[in-house]
Each structure stands twice: as structure tokens, then as C-alpha cells.
Amino acid sequence: MLGMPLRRRLRLLVATVTAALLALLATGTASAIQPGGITDEARLMNDLFWIVTIAGLIVFGLVGAALVYAMIRYRRQNDELPPQFHGGGKIEAAMVGVPVLIVIGLFTISMIILVQIDDKAEDEALTIDVTGFQFSWQFAYNLNDLGTNTDPNAEGTIAVIGTPANDPILYMPVDEPVEFLLKSNDVIHSFYVKDFLYKLDLIPGRVNSFTVTARETGDFSAQCAELCGTNHALMRFIVRVVERDEFDAWVAAEAARQLGDGALVSASGTQGD
Amino acid sequence: MAAHGTAERQGMTNSMLGFILFLASEVMFFGGLFAAYFIARADAPAWPPPLTPEQIAEGVHLELEVLLPAISTGILVLSSVTMQYAVWQIQKGNQGGMLWGLFISLALGIVFLAAQLYDYTQLHFRADDTIYGTTFYTLTGFHGAHVAGGALFIAVVTVRALGGQFTAENHEAVEASSMYWHFVDVVWIALFTVLYIIK
Amino acid sequence: MATVAVPQLSGYHRPAVLDWIMTVDHKRLGILYLYFTLFFFAVGGILALLVRTQLAVADNSFVGNDAYNQIFTMHASAMLFLFIIPVWAGFGNYLVPLQIGAADMAFPRINALSFWMLPPAGILMFAGFIVDGGAADGGWTAYSPLAQQTGVGMDMWIIAVIVLGMSSTIGAANFLVTMFRMRAPGMTMFRMPIFCWTMLVTALLQLLATPVLAAALVMLFIDRNYGGQFFDPNGGGNVVLWQNVFWFYSHPAVYIMILPGMGIVSEILPVFSRKPLFGYKAFVFATIGIGGLGFSVWAHHMFTTGSVLLPFFGFMTFMIGVPTGVKIFNWLGTLWGGSISFPTPMLFAIGFVSMFLIGGINGTYSAAVPVDFALHDTYFVVAHIHYVLFGGSVFAVFGGLYYWFPKIWGRQLNERLGKLHFVLMFVGFNVAFFPMHMLGLDGMPRRIAVYADSAGWEALNMLSTGGAFLIAVSMIPFLIAVVMAFMRPKDQPDDPWEANTLEWATTSPPPDYNFDSLPPVRSERPLFDARHSGEEQGH
């Protein structure tokens with residue numbers, strides 16, 4: 001007698017918590033990743049994220065509902081022994097078949113999207129050399145590899161170097177493919193821009209690369225995602241996506257500041273086009 | 001220590017099964033070291049890897065002589081044969097034949113170890129000279145340690161054999177030490193092939 | 001001298017402490033394992049609270065960056081190497097011989113050796129905190145080259161993990177021989193209790209994977225101390241090599257950490273549903289399948305290194321969801337149509353099923369390679385591992401403790417306190433770890449000591465910290481229940497739960513060498529058969 005209300009309260013609690021979790025999962029993920037990233041690639045990944053999420057919610061909803069139903073419907077009411085059911089061929093085949101179908105479906109979709117993301121950019125893409133070090137970043141631009149407005153005669157590189165206390169800013173133009181070459185000379189770092197929905201490791205002895213096309217301008221915070229030592233948490237940077245002419249103006253100004261007048265001429269010539 | 005109240009099943013004893021499982025874990029340990037070697041070598045742009053000018057000035061060169069290790073390989077393979085001979089003899093109940101097999105195997109094992117140590121002194125690189133040196137000394141070093149352990153095992157078995165502890169029915173330790181010795185032998189053949197032969 | 005010693009010995013009793021230190025009895029060793037691992041669960045828990053305190057607010061300076069790295073590294077190391085992996089050896093030690101109707105493990109002295117390797121290793125690992133440079137701080141994954149930079153605490157960590165690995169390797173061989181060769185008459189492999197099956201597959205994984213970890217750690221040690229170049233690209237070495245070898249062990253290790261928990265749950269659910277486990281053979285094959293596939297998914301921890309075969313490892317990672325899904329069906333089918341009661345062990349078992357379900361679903365995100373690019377190394381992954389290893393394994397540990405407490409200690413834990421414990425832990429767990437999904441999606445990387453106020457992560461982190469402390473609070477009713485139990489006499493009958501397996505056929509606690517006689521074994525539920533032999537004939 002005394003046990004019953006407690007049991008009922010527990011059941012209610014389990015049901016409430018389950019429902020709350022479901023709601024949290026839905027709203028939480030929706031609000032957190034709804035912006036969907038700012039690059040073409042990120043939007044593809046965002047689609048895949050939602051496909052996985054919906055599949056997951058369906059599985060969670062069905063299994064969770066079955067679990068709660070079984071706990072309530074089949075609670076012990078008397079001392080009679082329930083039917084001693086061990087399982088059977090057809091049900092067990094379904095037990096394997098259903099997960100196999102879900103899994104193969106999700107795998108196929110994720111591979112289709114992976115292939116689209118991995119489409120490497122043409123050689124004309126602007127290339128940014130990213131070097132991670134303990135504990136900040138260097139972003140280097142080769143003046144004769146600046147993408148659509150490149151002047152093949154320009155010489156020299158300009159670089160932005162940050163410190164743990166002073167986050168460096170990575171400038172990139174909007175609406176055109178940008179290739180990142182990732183290098184490290186000390187330990188492993190990871191180039192993680194949340195709004196790209198992407199990260200790739202910087203590994204000593206290797207050069208990793210990826211290409212994205214940003215579709216929105218603005219400042220986006222980013223940071224190292226692979227533990228790299230004491231100040232790993234301070235290895236932050238800002239991705240500043242700007243219109244092409246603003247980008248060219250920035251390059252010209254930096255070239256003048258870092259390389260002096262000789263390079264300025266060449267780089268400002270690029271800007272004029 | 002095998003049986004504790006519960007009837008033991010037919011066939012292999014618990015100790016023998018436990019020993020085989022232990023050998024399986026040893027195989028995986030060397031598997032890990034070999035895998036590391038293969039991954040490093042497959043990914044390296046050049047093999048042996050290039051040396052720094054300082055290393056060259058110090059007289060480092062990454063080369064291995066094949067002749068002495070080839071003879072060592074023969075010695076170790078021969079010792080496996082004599083070890084198996086010891087097992088066959090005791091299976092027939094011939095304690096004298098087993099003792100000869102054990103003595104010779106032990107002696108050949110010690111000769112192999114001595115040859116390995118001599119070979120180390122003849123090399124022109126150290127463990128810190130590129131991954132070539134590191135993998136070479138790690139693989140051969142761990143193998144050498146296992147040969148030493150195996151020789152110790154055989155020595156203990158030999159002492160027990162001298163005390164007449166083994167019979168045609170009861171000679172598990174002889175079989176176990178022989179299995180261990182064959183394992184060490186097979187690992188060496190793999191090492192010799194990979195380190196010395198495949199250029 | 002010898003002549004007088006003999007009559008004296010007849011009345012001589014060794015001091016109890018010596019008795020425990022010198023014991024080779026599997027039950028006592030099992031209990032020692034449980035005490036040892038629960039101690040380190042507490043230590044790891046305190047470290048977790050330090051982590052959560054530091055992260056509660058933005059730009060916090062409660063602990064420094066260096067200390068933070070040591071704290072979370074040792075939290076993971078304690079929880080994985082000193083708690084979860086050996087706690088199953090504890091349950092296994094106590095239960096496997098009893099469940100298969102044997103008098104002891106196959107090699108009792110080697111069993112004692114396995115246990116006594118743990119305390120020195122634990123002390124060595126934690127002694128890192130008092131040496132120059134502090135404890136290991138490269139994460140429990142010890143990625144090279146970072147792991148080359150840190151102080152001598154890292155070397156102590158390496159040696160400790162190697163020793164722990166040797167302990168679990170020889171322990172695994174012991175379990176395998178015991179289960180292969182010492183089963184009671186009539187107990188075929190497919191009549192073995194399901195917990196034994198999960199221990200068997202776990203032992204196989206330990207036997208075959210742990211030596212590879214030892215090899216990796218040896219290489220790291222050589223690199224650190226003898227100028228080795230394994231992981232140094234300047235000497236032709238290969239940085240990613242470490243990750244390949246490390247994860248070749250550490251992914252199977254995840255199953256080493258969860259499979260016996262699944263076994264415990266699969267013991268508890270049938271007893272309190274009063275039905276057999278639904279699809280026993282499917283469960284066994286799923287367990288074996290997880291074990292086998294476990295060796296082919298290691299590189300899904302390395303999708304963002306740019307150096308792994310993405311389609312293959314993505315596919316294998318999805319595939320390992322199949323046997324996992326089968327198990328969810330097994331548990332659901334066991335409840336379905338049953339006559340279910342909800343004592344504390346059952347609550348923890350159902351808690352396991354529901355939390356593990358979430359842990360399975362949020363794991364599929366990482367199998368979908370492009371999604372993993374976004375989520376890898378963020379708090380989403382932290383949420384995932386805790387839903388599997390806390391929502392899964394830890395719930396199973398407590399379920400097992402409540403379930404077998406009457407057998408092991410002859411006393412019952414208080415039901416009301418047990419339920420309070422469960423409710424607090426269940427709520428605390430979800431409050432602590434569910435927000436981490438959102439933090440991960442919002443871009444918070446794992447293993448960061450501080451985050452900026454402007455990042456907007458503070459509210460969820462504060463919530464998570466609150467949940468962590470609620471978990472800590474949930475331990476209070478548990479500890480009270482344990483103390484209360486120990487103040488009572490041993491009054492438990494052989495079989496207080498109407499259970500199925502052989503450990504309940506002997507007294508609580510069992511005598512030396514366990515059994516006077518065994519009931520016949522004609523199915524995987526010999527005690528059920530004995531209880532109902534009149535009503536129901538051989539099913």
C-alpha cells in the first residue's frame with residue numbers, strides 16, 4: 001500500500017524527465033545550430049546534422065515510448081508468472097534488420113555529402129597559410145596567390161601573427177573559394193571555426209588543406225580545438241569575412257605596412273582592377 | 001594450482017590454455033611494434049630517412065650488415081629444432097634425449113644473444129638517429145629481451161629436468177618453454193625479413 | 001622449533017588484515033577490487049567537481065591553466081584506468097566463479113597478483129601531483145608531441161598505465177580459462193549467465209588490445225627518455241602514428257568499459273520482469289559482434305587529422321550501431337509482457353537502458369563524418385562519452401552493487417535511500433551532461449580551462465556544474481545506506497530476489513569454495529527451473 005504512491009510518483013517522474021529531455025533535445029539543438037554555418041560546406045553539413053537528428057529523435061521517441069509504456073503496462077500486479085517468452089526468429093531478424101536499414105541509410109547520405117564537401121577548389125582560389133603555434137596563430141597571404149584579383153607579378157607575403165592575449169584576425173573575402181593550408185611546427189593544433197561547422201588538425205610534419213566558400217560577412221570567433229598545452233584555451237582567433245574590395249584594401253594597407261613601398265605599388269595595382 | 005574442487009575437463013590443462021592466451025597477448029604486443037614500424041616506413045618520404053649534416057659529420061650511416069644476422073637466424077632456427085627434439089624425446093619418455101635437446105637449445109640461445117650484442121657494437125647509428133634507429137633498436141631490443149627470458153625459462157626447465165621431474169605423461173613445462181621458444185623464433189624471422197631483407 | 005610450532009598453529013588465527021592481504025579467494029579479491037575502484041571513483045569525482053567549479057563561470061581563475069590540464073587528465077585517467085576497467089574485474093572476480101558454479105578462478109594466485117598490481121600503479125600515477133612539473137597533463141589520450149613536452153609526472157603516468165594494462169591482461173587470461181574450463185556440469189557455453197558472456201568478450205578484448213597499448217606506451221617512453229624518434233617528424237617519425245596505435249587499443253577499451261555493464265543490466269532486467277532475457281543468443285552474438293567490430297573503428301577518433309580513410313571508418317562506425325541496437329531490443333523485449341517490479345537495482349538498470357539509448361543516438365553524429373567535422377573535440381563528444389560511460393557504466397555499477405549487495409555482504413541496502421540515490425543521480429546526471437550537447441553545438445571545445453564571457457557559454461556551464469554537484473550529493477544517501485547496512489546483522493537469505501543464476505544457490509555471503517551442492521543446470525536459468533520445476537517442464 002505504502003509502495004504504490006511512491007511507485008506512481010516515480011513513474012510520473014520518469015515520464016516527465018523523458019518528455020523534458022525530448023523537448024530539450026529538440027529545442028536545444030534547434031536553437032544552437034539553427035544558424036547553420038556561413039559557408040556552402042557548412043550548409044551541407046547542417047542538412048546532414050538535421051537528418052541525423054530527426055532519425056535520432058524518431059528512434060528515441062519510439063524506444064522511449066515503448067520503454068515507458070512497458071514500465072506502466074506490465075508492472076507487477078500479482079504473483080502470477082508472466083508467459084516465459086524467449087524470443088523468436090522473426091522478431092530477432094527484425095531486431096537486426098531495422099538498425100541495419102537505418103545505419104545504411106545514414107551512411108549513404110553522409111557519404112554523398114562528404115563527397116560534395118571534399119570537392120577541391122580550383123587552383124585560382126585564394127590561399128591562406130595557417131600556422132598554429134603555442135599559443136596563437138599566424139595567417140600568411142602570398143601576394144601572388146590572392147584569388148580572383150591576383151596580380152601574378154606581385155611578390156612577397158604578408159602575415160598576421162597573434163599572441164595568447166591578442167587574438168589575431170583572419171581576413172577572407174566573401175563569395176569565393178578560399179583554401180587553407182594548415183601547418184604546425186610544435187604540437188598538434190586544430191583549426192576550428194564554429195561557423196564553418198568544420199575543423200581540421202594542424203599536424204607537425206604534414207600539411208592539411210581544405211576549401212570553403214563563405215556566404216556571409218562579419219566577425220566569427222574561432223579557436224584551437226586540440227589540447228596543445230598550458231594556454232590551449234587562449235589560442236583564439238577571429239575570422240573576419242569581408243567584401244572583396246574591403247579585403248583588397250586591407251591587403252594593400254598591410255602590404256604597405258609590412259613590406260614597404262615596393263610591394264605596395266604592386267598590391268595596390270591589384271586593388272585597382 | 002589448476003583444479004580447485006571442480007572437475008577439470010579433458011584435453012589441454014588449464015595452465016597450458018592460460019599460457020597460450022599469454023602468448024596471444026605477446027603476439028599482439030609485437031604486432032603493435034611491427035604496426036608502428038610499417039606505418040612509419042610507409043609514410044616516410046624516403047627510407048632510410050635523410051640524416052642531418054651533424055649526424056653525417058659524426059659518422060652516422062643507416063646501414064645494416066646482413067651476414068652475421070643471417071648466421072644468427074640459422075642458429076635460432078636450429079635451436080627451435082633442438083627444442084622440439086627435446087619435447088619429442090620426453091614424449092617418448094627419454095629423459096636423456098630431452099636433456100641433450102635442452103642443453104643444446106640453451107647454448108644456441110646464448111650464442112644468439114652474444115651475436116646480437118656484438119652486432120650492436122658494429123652499427124654506425126644509435127637509437128636516437130632517426131626513426132630508422134629507433135625502430136631498429138626497439139624491435140630488436142624487445143626481441144632480445146624475450147630471447148633472454150626464453151633462455152631463462154629453458155634454464156629453469158633444464159634444472160628441473162636434471163632433477164628428473166619430467167616423464168612421458170608429465171612434461172608440461174617442457175612443452176610450454178618450447179612453445180615460447182618457437183614464438184621468439186618466429187618473431188625473429190619476421191624481424192630479420194623486415195629489417196634486413198626488405199630494402 | 002618446528003616441534004612446538006605445530007600445536008600452537010591449531011589455535012592460531014592470522015590477523016584479519018593479513019588475511020585480506022594474503023588472500024587468494026576470488027570473493028575476497030573481488031571485494032578488494034570493489035573497494036579499490038570505488039575509492040578511485042571518489043577521487044575521480046572530486047577531480048570532476050574541480051573541473052566543473054572552474055568552468056562554472058566565464059574567465060574563471062579558480063585553478064590555473066596548468067593545474068586544470070593536470071586535473072582533467074587525472075580525472076579521466078582515474079575514472080577509466082582505476083575505476084571503470086578494474087571495477088568490472090571486481091564484479092567479475094566475485095561473480096564469474098559463482099555464476100558458473102566453480103569453487104574459484106582458474107589461477108587464484110595469479111588472480112591475487114592481478115589485484116595487487118593496481119594499488120602501486122594508482123599511487124604512482126597520483127604521485128605525479130607531488131613531483132616537479134606536476135601530474136600528467138596531456139589528456140588521457142596523451143597525444144604526441146604534446147606528451148613529449150611535459151614533466152616526469154608523464155613518465156610516472158606511462159609506467160602506471162603499463163602496469164595496469166599488465167594487470168588486466170593477465171586477469172583477462174584468468175577469466176577466459178575459468179569460463180572455458182571450469183563451468184558446472186550441464187552448463188554449456190549457451191547456458192552461461194549473460195554477465196559471464198560479456199566478461200568473456202571483455203576479457204578477449206583486453207587480452208588482444210591491451211598489449212598494443214603497452215607497445216604504444218613503450219614507444220612514447222622511449223621517445224621521451226631515450227631520444228627515440230617514433231613521433232618526431234624531424235627524425236622521420238610520424239605524429240599520427242601515436243593516434244593510430246593508441247586508438248587501436250582505446251576504442252576496444254570503450255567496449256571493455258561498457259560490455260560488463262550491459263551484462264549486469266541483462267541480469268537484473270529478467271529477474272525483476274520475471275521473464276527470461278529476450279533473445280539470449282542474439283544478445284551473445286551482438287556482444288561478440290561489438291567485440292569484433294570494435295577493432296575496426298579506431299580511426300573515427302581521427303576524422304579531423306586528414307589522414308584516415310573516411311568512408312571505411314565511417315561505415316564501420318555506423319555498423320557497430322547495429323549490435324548495439326539489437327541489445328536495446330533485447331532489453332525492451334525482456335520488459336515487454338513481464339511482471340515488472342521496481343526495487344533499486346531495477347531502477348538503475350532501466351536508467352542504464354534509457355541513458356545508454358541517448359548515448360547510442362548521440363554517438364551516430366560522430367559516425368556521420370561531415371557532422372563529426374563540426375562536433376569532434378567539442379563538448380558534444382564530452383556529452384556522448386558521459387552518456388555512455390556514466391549513464392551507462394556507472395548506472396550499471398550501482399545497479400550491480402544494489403543487486404548483489406545482499407549476496408556479497410549478506411545485508412540489504414535500504415530501499416528508500418536507494419531510490420533517493422537513484423532519483424538524485426538520474427536528475428543530476430542529466431542536468432550535468434545534457435547541456436553539454438548544446439555547448440558543443442555552440443562551439444565550445446573540450447579541454448579548455450577558461451572561456452570568454454563573450455562566448456555566451458556561461459549559463460549552460462553553470463547548469464552543468466549544478467548537475468555535477470547534485471551527482472555528488474546523490475552519493476550521500478548511498479553512503480548512509482551502506483553504513484546502515486553494515487550496522488545490521490547478516491540476515492539475507494540465499495536468494496532474496498527470486499533470481500535465476502547459480503550465485504543465488506549458495507548462502508549469502510557464500511562459504512569458502514562456494515557450493516556444497518549445485519542444482520542441475522538445464523538452461524541459462526537453473527534457479528528459476530528449480531523453483532518452478534513442478535509447474536513448468538523444460539522450456
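Please read these numbers as outputs of a predicted model, since none were measured by experiment. The chains referred to below are lettered A, B, ... by the order of the sequence lines, with proteins before strands, and numbering in each begins at 1.
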Kindly give the heavy-atom pair with the smallest separation between Tyr365(C) and Val371(C), and that separation in Å. O-CB, 3.5 Å
Test: Arg43(A) and Glu216(A) ion pair at under 4.0 Å: yes
Of the non-hydrogen atoms in Phe429(C) and Met355(C), which two are nearest, and what is the gap between them? CE2-SD, 3.4 Å
Just give me the residue among Asn231(A), Asp79(A), Leu200(A), Leu227(A) that pairs up with chain C most often, heavy atom to heavy atom, under 4.5 Å. Leu227(A)
Taking all atoms of both residues into account, what is the closest heavy-atom pair of Phe303(C) and Ala367(C), and its distance? CE1-O, 4.5 Å
Can you tell which part of Ser307(C) gets under 4.5 Å to a heavy atom of chain A, answering side chain, backbone, both or neither? both
Which atom names give the shortest non-hydrogen contact between Phe422(C) and Leu347(C), and what distance separates them? CE1-O, 3.2 Å
Validation row, ring centre Trp336(C) to ring centre Phe85(A) under 6.0 Å: no
For the candidates Arg206(A), Gln134(A), Gln77(A), which exhibits the highest count of non-hydrogen atom pairs separated by less than 4.5 Å from chain C? Arg206(A)
Given the options Ala449(C), Gly321(C), Pro311(C), which has more heavy-atom pairs under 4.5 Å with chain A than any of the others? Pro311(C)
Top of Val63(A), Asp201(A), Ile203(A) for chain C proximity - count of heavy-atom pairs under 4.5 angstrom: Asp201(A)
If one checks every heavy atom of Phe191(A) against chain C at 4.5 Å, the contacting part turns out to be neither
Donor-acceptor contact present, side-chain Ser184(A) to main-chain Val187(A), <3.5 Å: yes
Can you tell me which of Gly360(C), Ala282(C), Gly333(C), Gly337(C) forms the most heavy-atom pairs within a distance under 4.5 Å of chain A? Gly337(C)
With a 4.5 angstrom heavy-atom cut-off, is it the side chain or the backbone of Glu92(A) that approaches chain C, or both, or neither? side chain
For Thr73(C) and Gly138(C), the nearest pair of non-hydrogen atoms, with its separation, is OG1-N, 3.7 Å
Per-residue tally against chain A (heavy atom, under 4.5 Å) across Phe329(C), Trp331(C), Tyr451(C) peaks at Phe329(C)
For the interface with chain A, which of Thr317(C), Asn362(C), Leu332(C) has the highest count of heavy-atom pairs at distances below 4.5 Å? Leu332(C)
Salt-bridge contact Asp442(C)-Lys194(A) (side-chain N to carboxylate O under 4.0 Å): yes
Most contact-rich option vs chain A, by heavy-atom pairs under 4.5 angstrom, among Ala147(C), Ala368(C), Gly338(C), Ser339(C), is Ser339(C)
Interface residue of largest heavy-atom contact number with chain A, from Ala455(C), Gly139(C), Pro276(C), Pro233(C), under 4.5 Å: Pro276(C)
Using non-hydrogen atoms only, which part of Asn330(C) is less than 4.5 Å away from chain A: side chain, backbone, both, or neither? both
Contacting region of Asn78(A) [heavy-atom separation from chain C under 4.5 Å]: backbone
Please state whether the side chain, the backbone, both or neither of Glu80(A) comes within less than 4.5 Å of a heavy atom of chain C. backbone
Tell me, side chain or backbone of Tyr192(A) under 4.5 Å from chain C's heavy atoms, or both, or neither? side chain
Ion pair check, Arg240(A) and Asp219(A), cut-off under 4.0 Å: yes
Hey, which of Gly205(A), Ser221(A), Pro99(A) has the most heavy atom pairs under 4.5 Å with chain C? Pro99(A)
Below 4.5 Å from any heavy atom of chain A, which atoms of Pro370(C) appear? Answer side chain, backbone, both or neither. both
Apply the side-chain hydrogen bond (donor to acceptor under 3.5 Å, both in side chains) test between Thr141(C) and each candidate in His301(C), Arg447(C), Gln243(C); give the one that qualifies. Arg447(C)
Using heavy-atom distances under 4.5 Å, tell me whether Leu277(C) contacts chain A through its side chain, its backbone, both, or neither. backbone
With a 4.5 angstrom heavy-atom cut-off, could you sort out which part of Arg73(A) is near chain C: side chain, backbone, both or neither? neither
If one checks every heavy atom of Ser273(C) against chain A at 4.5 Å, the contacting part turns out to be backbone
Side chain, backbone, both or neither: which part of Gln70(C) has an atom under 4.5 Å from a heavy atom of chain A? neither
Of Leu106(A), Val193(A), Ile91(A), the largest count of non-hydrogen pairs under 4.5 angstrom with chain C goes to Leu106(A)
Name the region of Leu146(C), side chain, backbone, both or neither, that has any atom closer than 4.5 Å to a heavy atom of chain A. both
Counting only heavy atoms closer than 4.5 Å, note whether Met302(C) contacts chain A via side chain, backbone, both or neither. neither
What part of Ala452(C) lies closer than 4.5 angstrom to a heavy atom of chain A: side chain, backbone, both or neither? both
Check Phe528(C) against Gln84(A) and note the closest heavy-atom contact, atom names and distance. CZ-OE1, 3.4 Å
Side chain, backbone, both or neither: which part of Leu335(C) has a non-hydrogen atom closer than 4.5 Å to chain A? both
Would you say the side-chain atoms of Thr378(C) pair up with the backbone N or O of Ala374(C), donor to acceptor, closer than 3.5 Å? no
Engaged part of Met45(A) at the chain C interface, taking heavy atoms whose separation is under 4.5 Å: both
Could you tell me whether the side chain of Gln54(C) reaches within less than 4.5 Å of the side chain of Val450(C), counting heavy atoms only? yes
Any side-chain heavy-atom pair from Pro145(C) and Phe231(C) closer than 4.5 angstrom? no
Which bit of Asp66(C) is near chain A, if near means a heavy-atom gap under 4.5 Å: side chain, backbone, both or neither? both
Heavy-atom cut-off 4.5 Å, strictly under: side chain, backbone, both or neither for Leu234(A) against chain C? side chain
Whether His437(C) side chain and Phe434(C) backbone form a donor-acceptor pair below 3.5 Å: yes
For Thr334(C), is there any backbone N or O sitting under 3.5 Å from a side-chain donor or acceptor partner on Lys275(C)? yes
If you count heavy-atom pairs under 4.5 Å with chain C, which of Ile188(A), Val103(A), Asn185(A) comes out on top? Val103(A)
Heavy-atom cut-off 4.5 Å, strictly under: side chain, backbone, both or neither for Tyr143(C) against chain A? side chain
Could you please spell out the steps behind the salt bridge (charged side-chain N to carboxylate O under 4.0 Å, His left out) verdict for Asp129(A) and Lys183(A)? CA-CA 8 Å; Asp129(A) 273 307; Lys183(A) 298 165 200 164; 3.1 Å; yes
Contact between Phe315(C) and Leu310(C) at the side-chain level, heavy atoms closer than 4.5 Å - yes or no? no
Can you say whether Phe285(C) sits under 4.5 Å from chain A via the side chain, the backbone, both, or neither, judging by heavy atoms? neither
